[in-house]
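Just below is one structure, and these are the notes that go with it.
Per chain, numbering begins at 1; letters A, B, ... match sequence-line order. From a predicted model like this one, the values you see are computed outputs, not experimental measurements.
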Amino acid sequence: MTEPTFDTIFDDLVDANAELVSFLASLDALLPEASMLLVSEAGVLIEGASPLAVSLPVRDKLVREARAADGFVIGKADSGARCHAIHLAKLPAVLIISCPAAQGDDRKSEAAITSLLRNTLELALYRQEREMLVADHEQSVRQINILQQQHGKLIEDNYRQYRLNQEREKEYARKLESEITKQTAELREANARLEEISRLKSDFLANMSHELRTPMNAIIGFSELLAETALAEEQRDYAKTISKSATSLLTLINDILDLAKIEAGKLELERLPFDLAEVLDNVVAMFTIPAKEKGVVVSCTIDSRIPKRIMGDGNRLRQVLVNLAGNAMKFTEKGTVDVRVSYECEAAGRIVGRFSVHDSGIGIPADRVEAIFEKFTQADGSTTRKYGGTGLGLAICLQLVELMGGHLAVESELGKGSTFYFEIPLEEAPAEIISLQEHKEACREKAAAGGRILLVEDNAVNQRLASILITREGYEVDVASDGAEALEHLQHQTFDLVLMDVQMPNMDGMEATRRIRKIEADPALRQNYVGLRALNQPLAIIGLTAHARQEDERACYEAGMNGFLTKPIVKAKLTTILGEMMPRTCPENHDPS
Amino acid sequence: MPSAKDIVRKFTELKTLPHVAIKVTRLVNDDRSTMQDFEEIIKLDPVLVTRLLRLVNSPYFGLSQKVESISKAVVFAGMRQLRNLVAVEALRGMFKGNNDEFSAQKLWLHSATVAILSGMIAKRIFGKDGEDVFLAGIIHDIGLIVENQVAGEQLREACKAFRDGNGPLVECERNAIGADHAEVGYLLAKDWGLPQEVLSSIKAHHLGKQVKSVSSTGSILQLAEFMAGKMQYWPIAGPLEPLPPELTEHVKEKMADYKIIIRDLPGEMAKAKELYESDE
């Protein structure tokens with residue numbers, strides 16, 4: 001395909017001679033006085049603004065000569081004036097022109113005229129080319145403008161993009177923020193839920209403790225009572241076995257509950273004065289009989305620099321030592337178990353005491369030392385069967401010692417024995433605080449049996465058991481099955497002491513105690529209660545509950561009770577507390593009249 | 001006889017426009033789209049990435065540094081040039097196949113010539129951005145491709161009738177097929193989501209009368225179509241439709257300009273070939 005041109009494309013609208021006409025017009029403008037005409041290749045005649053009259057033969061001759069010549073040929077117009085003819089290859093066409101200025105004859109002026117004409121023609125031709133160049137230039141300018149616009153747009157676009165990105169970033173930040181808020185709220189809610197669950201667990205624990213202790217109460221109590229009846233040797237052995245098993249089950253239950261409490265962070269240590277020597281004696285006393293049976297010597301020493309009376313939780317300290325001594329006993333067949341409190345150092349006004357329980361038992365392999373402090377683990381899996389026990393004891397001890405500010409550790413040599421020890425700060429109790437227990441002991445010494453006791457208890461089994469125990473202690477007993485009934489009893493009878501179960505239907509022990517205290521405080525009301533009217537001091541009320549938690553004890557005192565006894569009722573404890581609390585047995589409380 | 005809609009529906013059941021083409025077009029129409037959005041789409045198509053980088057690094061852009069990242073290339077090319085690039089890529093695959101009456105490959109050459117001429121006229125004579133007219137040029141005869149695919153036999157009949165001088169091509173098409181390629185092309189481009197100006201220019205490119213002002217996309221397309229037809233870049237033999245008188249008048253006024261455009265066309269086509277040429 002040949003390269004297309006404007007003329008082939010726009011052939012319809014192109015006037016073939018348009019270019020010639022336009023050239024002639026340009027030349028006319030340059031030489032207004034000259035007459036001229038153009039003859040195209042096709043022989044078409046185009047006349048200028050002032051037409052030149054040349055007869056056809058002359059014109060044809062001139063055209064022929066001009067096409068053949070290289071430059072101007074000279075001829076004569078009809079008017080006789082000189083005229084020049086030249087072939088313009090660029091157009092292409094032959095121009096015949098007659099200028100009034102070019103009529104001279106001499107050679108010199110002829111040369112000047114032809115050169116002038118030549119230049120004028122060039123100029124006219126270039127005018128046409130110039131038109132193209134101008135258009136070309138204009139197109140270039142337009143394209144440059146577009147590029148500039150595009151450049152501007154690019155910058156604009158970039159700015160817009162920048163703004164968009166910024167907006168997106170902001171939106172993202174907002175989303176992030178709201179997401180964080182949402183998640184925080186969710187976490188808070190989850191936390192609240194966990195707290196609620198924890199509270200429910202704690203409640204469950206309390207209830208379990210109650211539910212477990214109530215039947216245990218009956219089992220231990222009645223098996224003990226059974227053993228005391230007239231039985232055949234075999235039967236008595238069975239009864240004792242039941243009693244012993246029940247007691248160890250109770251210990252296990254208490255251990256589990258203790259551990260749960262510790263783990264829930266619910267266990268709080270008391271801060272009360274206690275006699276350290278007494279605690280140790282107590283511990284040793286527990287193992288005297290089994291030690292004798294085994295042939296193990298149990299000893300106990302306290303450094304003289306250790307204060308006698310200590311502020312702290314004596315019961316928990318005893319629990320730890322009983323556990324450690326119990327372990328020592330369990331794993332020692334022959335030899336010694338030594339419980340020792342030594343003076344370690346004094347720091348910041350506090351004495352640090354080192355408690356150790358040493359035995360000459362089987363010892364612990366080095367690789368099992370860590371494991372024995374884990375829950376439900378003993379040094380050797382097989383020892384569980386041989387020695388019994390749950391493996392909870394040491395886990396509890398570890399936690400209790402930590403609560404006391406120490407760390408329980410062990411040194412042991414296989415076959416030679418073990419030493420469990422811990423160091424805790426011991427704060428001396430101020431002299432002026434006279435221990436309640438001491439006071440109670442003072443009372444107990446003067447205790448003498450006898451008196452009327454009102455037992456308020458809803459559970460029929462427990463009613464019977466407690467009644468038997470109380471009667472055996474030498475007291476009279478009357479039974480009310482809830483708080484309301486107890487109040488009724490008090491309206492008509494007098495009692496020296498009330499044993500009040502805490503958890504009861506209708507009116508519980510707390511409510512009943514509060515009411516009794518209210519009646520006592522109101523002289524008018526008091527007159528209606530025979531049991532309260534006659535008393536000069538508040539009626540002694542001892543709370544009786546299966547809830548062994550410290551907060552339960554506190555609640556009892558807050559309700560107005562004077563004492564607190566946990567179920568299952570342990571005979572020894574009952575004896576002690578009744579001895580302490582019976583009003584007429586204590587001189588201070590004695591009615592002066 | 002099927003309507004233009006039926007034909008387009010049948011066609012889209014057979015062939016779908018590349019996902020990329022539709023997505024990019026949608027982004028161009030969305031004021032809130034960013035270069036990153038373009039990049040996300042482009043980078044999935046390695047052929048497009050190659051073309052884009054080649055385009056941006058061509059002398060046309062005259063950048064002093066070589067652009068090697070897609071995001072930068074997207075920024076320099078601009079959204080609409082990018083859309084055209086994607087459109088060319090999408091359409092090229094459709095313009096394939098030859099037979100006596102109708103050659104899709106020749107039609108592709110015609111479309112490319114019209115597109116380049118349209119772009120040149122828009123930029124050089126009217127001083128306006130040539131991207132939309134370029135797109136109109138490249139896509140204006142897509143209707144013929146659709147008809148060839150859906151009703152090839154009838155299209156060949158129409159071509160024959162046209163060659164035999166039985167009236168304008170669109171009329172022969174309507175007689176043989178039931179619709180003409182301007183209408184069919186318009187519907188397809190509408191589905192694609194191309195700008196309104198482009199759509200109406202496709203619809204009107206055989207109307208034989210000037211639609212709007214001389215500088216409108218439709219007028220430029222008609223001019224370019226006429227010129228390309230005269231240059232024999234036209235797949236269907238037969239009489240050419242004359243230019244509407246307003247456009248003839250316009251060319252007469254701007255003769256020097258059109259001479260330059262015709263003079264420069266081979267160079268521009270060589271450039272375009274280099275930019276858009278298939279690697280196959």
In terms of heavy-atom proximity below 4.5 Å to chain A, should B/Q81 be classed as side chain, backbone, both, or neither?
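The answer is neither part of B/Q81.
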
Which atoms of B/M79 come close to chain A, meaning under 4.5 Å heavy atom to heavy atom: side chain ones, backbone ones, both, or neither?
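For B/M79, the side chain is the part near chain A, not the backbone.
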
For A/D136, is it the side chain, the backbone, both or neither that has a heavy atom under 4.5 Å from a heavy atom of chain B?
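For A/D136, backbone and side chain are both near chain B.
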
Heavy-atom cut-off 4.5 Å, strictly under: side chain, backbone, both or neither for A/R160 against chain B?
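Only the side chain of A/R160 comes within 4.5 Å of chain B.
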
Under the criterion side chain to side chain donor-acceptor pair (under 3.5 Å), I'd like the reasoning laid out for B/H110 against B/H140: C-alpha separation, chi angles, the key distance, then a yes or no.
CA-CA 10 Å; B/H110 165 75; B/H140 76 284; 3.3 Å; yes

Counterpart residues, salt bridge (charged side-chain N to carboxylate O under 4.0 Å, His left out), relative to B/K106 (two or more places apart):
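B/K106 satisfies salt bridge (charged side-chain N to carboxylate O under 4.0 Å, His left out) with no residue once adjacent residues are dropped.
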
Could you list the residues that satisfy salt bridge (charged side-chain N to carboxylate O under 4.0 Å, His left out) with A/K76, not counting sequence neighbours?
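In terms of salt bridge (charged side-chain N to carboxylate O under 4.0 Å, His left out), with neighbours along the sequence ignored, A/K76 is linked to no residue.
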
Just so I understand: if I count every heavy-atom pair under 4.5 Å between each of B/I261, B/I125, B/D129 and chain A, which residue has the most?
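Highest number of heavy-atom pairs under 4.5 Å: B/I125.
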
Among the options B/K128, B/K123, B/K230, pick out the one with the most heavy-atom pairs lying under 4.5 Å from chain A.
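Ranked by heavy-atom pairs under 4.5 Å with chain A, first place is B/K230.
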
Check: B/Y258 and B/I121 side chains under 4.5 Å, non-hydrogen atoms
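Side-chain contact under 4.5 Å: yes.
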
Report yes or no: is the cationic atom of A/K153 (NZ for Lys, CZ for Arg) under 6.0 Å from the centre of the six-membered ring of A/Y159, at an angle within 45° of the ring normal?
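A/K153 over A/Y159 ring: no.
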
